[in-house]
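Residue numbering restarts at 1 for every chain, and letters A, B, ... go by the order of the sequence lines.
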Amino acid sequence: MVYFLAKTDPDTYSIDQFASEHHTVWDGIANAQALRSIRAMSPGDRVFIYHSAISSGKGQPGIVGLAAVASPSRDEPDDPKLAVIDFEFLRKLEPPTTLHEIKASGLFSNWALVKQSRLSTMPAPDAFVKWMRARYPGLV
DNA sequence: GCCAACGTTGGC
DNA sequence: GCCAACGTTGGC
């Protein structure tokens, strides 16, 4: 089981919307590097859901929940260069783990989340998963 | 609201 | 194929 991280602008699609819908099609990814992560996902993989700071004004950027990959990725019908995938809501992570805390830990300064702020979808390294398990007992 | 990073587009 | 101009993302 592989862990990934996917960003969303909470004003566009928030963790609470996702929690109430329970299933969602994760679309709107256009960046080639992010698409590679989407295509690398398999059913059962886990995805940390991250709220970016964009246009919200309130709340800090950070990880707010966990999803499970619920389908293989597939081409976007209108544009086969793009890909979409289904996510199933698993849980919110409260309190959130902020980008500030991730940076302040000093453990993940080589991770794309820290080094490449504009990347929206990426794998999560094993060390980060371990670190998160210590913060949220029972996280699977 | 501003700006840095960086991806994309289009003229040559 | 290069690169300047431009657009977008996301942190602050």
Peer 1: Is the side chain of A:Asp45 donor-acceptor paired with the backbone N or O of A:Ser42 at a distance under 3.5 Å, no angle test?
Peer 2: yes
Peer 1: Donor-acceptor pairs under 3.5 angstrom involving side-chain atoms of residues 110-129 of chain A: please list them, not counting sequence neighbours.
Peer 2:
{"residue": "A:Trp111", "atom": "NE1", "partner": "A:Pro123", "partner atom": "O", "Å": "2.9"}
{"residue": "A:Gln116", "atom": "NE2", "partner": "A:Gln33", "partner atom": "OE1", "Å": "2.9"}

Peer 1: Could you tell me if the side chain of A:Ile63 sits less than 4.5 Å from the side chain of A:Pro96, heavy atoms only?
Peer 2: no
Peer 1: Other than A:Val84, which residues form its hydrophobic cluster under the rule that side-chain heavy atoms must be closer than 4.5 Å?
Peer 2: A:Val25
Peer 1: For A:Glu101 and C:dG11, give me the distance from atom CD to atom C1', rounded to whole Å.
Peer 2: 16 Å
Peer 1: Which letter, B, S or -, goes with each nucleotide of nucleotides 4-9 of chain B from 5' to 3', with contact meaning a protein heavy atom under 4.0 Å?
Peer 2: -BBS--
Peer 1: Report the distance from atom CD1 of A:Ile63 to atom P of C:dG10, rounded to the nearest whole Å.
Peer 2: 14 Å
Peer 1: Can you check the A:Lys103 NZ to C:dG11 P distance for me, whole Å?
Peer 2: 7 Å
Peer 1: Would a line drawn from the ring center of A:Phe48 to the ring center of A:Tyr3 be shorter than 6.0 Å?
Peer 2: yes
